[in-house]
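Remarks on the structure that follows.
Model, not experiment: these values are computed from the prediction. Whatever order the structure lists ligands and atoms in, that order sets their numbers, starting from 1. Computed over heavy atoms, backbone and side chain alike; hydrogens, waters and symmetry mates excluded.
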Amino acid sequence: MKYLTFALTKGRLAAKTMETLEKIGITCEEMKDKKSRKLIFVNEEKKLKFFLAKGTDVPTYVDYGAADIGIVGRDTLMEEGRKLFEVLDLGFGACRMCVCGPPAAKELLKSGRQIRVASKYPNIAKDYFYNKKHQTVEIIKLNGSIELAPIVGLSEVIVDIVETGSTLKENGLVILEEICPLSARMVVNQVSMRMENERIRELITGLNAVL
Ligand code: PRP
């Protein structure tokens, strides 16, 4: 039997994924060693392989077939825009993609004036402002600590993830518009879906029962 390979988003999402898989009898003992720097793990009995990748790279591994299955946030899937089968909403990692800024930016947003939007998600920001709102904006790509941008005057607003809302609050920013809800998703490579259909179906059915 061929290995079924999972690309997991390293960090909290991978830990949550393994917790969920354990509920359907899939375990990987060697992944539990917190000190380990290992990136790839095997369950010989069930012929499964798991590797830990950076979230933004998970869709790439699955698209090229280096992994059959990926677990990744919906934000990353939307931003990467690859052709994968999204088969399951795992529910965890729930948060929202929002337009945020200082309270005063609410009027500015409505005015339709050209504003600058900073984001780690330029494609999501572009799609929202251009295709949904039909509003021309300047998008500035950043790589983290996005909340800084409107505070230091780099942009008027940001497009970013809001989970608890405490980062916004502690920096005097608010949610101005909600773009969409987010959570962890299971995606499958298009060829794997055909070749390994039975095993993947069984996995989806099992997970559906415990989610
Ligand atoms: C994310 C996101 C927000 C924050 C939201 O950043 O970009 O900054 O979490 O969470 P909260 O609503 O619970 O405060 P992350 O910590 O992933 O780091 P980053 O700033 O490097 O993107």
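Asp160 and Lys120 are not joined by a salt bridge, as no carboxylate oxygen comes within less than 4.0 angstrom of a charged side-chain nitrogen. Between Arg74 and Glu79, none of the side-chain N atoms (NZ, or NE/NH1/NH2) sits under 4.0 Å from a carboxylate O, so this pair counts as no salt bridge.
In this structure, the protein non-hydrogen atom closest to atom 15 (P) of ligand 1 is Lys120 NZ, 4.9 Å.
Checking only distances, Ile161 never comes within under 3.5 Å of ligand 1, N or O to N or O. No N or O atom of Asn143 sits closer than 3.5 Å to an N or O atom of ligand 1.
The number of heavy-atom neighbours closer than 6.0 Å to CD of Glu22, taken from other residues, nucleotides and ligands shown, is above 12. Applying the 6.0 Å contact sphere to CD of Glu44 captures more than 12 heavy atoms from other residues, nucleotides or ligands.
Proximity of atom 1 (C) of ligand 1 to the protein is not indicated, since no non-hydrogen protein atom lies closer than 4.0 angstrom. Proximity of atom 8 (O) of ligand 1 to the protein is indicated by at least one non-hydrogen atom lying closer than 4.0 angstrom. Proximity of atom 20 (O) of ligand 1 to the protein is indicated by at least one non-hydrogen atom lying closer than 4.0 angstrom.
The atoms of ligand 1 that sit less than 4.0 Å from any heavy atom of Val162 are 12 (O). Heavy-atom proximity to Ser166, at under 4.0 Å, picks out these atoms of ligand 1: 12 (O), 14 (O). Interface atoms of ligand 1 facing Ser145, defined by a heavy-atom separation under 4.0 Å, are 19 (P), 20 (O), 21 (O). Within the listing of ligand 1, atoms 3 (C), 8 (O) sit less than 4.0 angstrom from a heavy atom of Glu147.
Atom 11 (P) of ligand 1 has its nearest heavy-atom neighbour, among Ile175, Leu173, Thr164, in Thr164.
For the 3.5 Å distance criterion, the side chains of Asp33 and Ser36 fail to qualify, holding no donor opposite an acceptor. Checking Tyr128 against Glu177 by side-chain atom types alone, a donor-acceptor pair falls below 3.5 Å.
When all heavy atoms of Pro102 and Leu176 are compared, the pair lying nearest together is O-CD2, 4.0 Å.
Exactly one of Val188, Leu211, Ile71 qualifies for a side-chain contact (heavy atoms from CB on, under 4.5 Å) with Leu88. That residue is Leu211.
Counting heavy atoms closer than 4.0 Å to ligand 1, residue Asp160 contributes side-chain atoms (C-beta onward) but none from N, CA, C or O.
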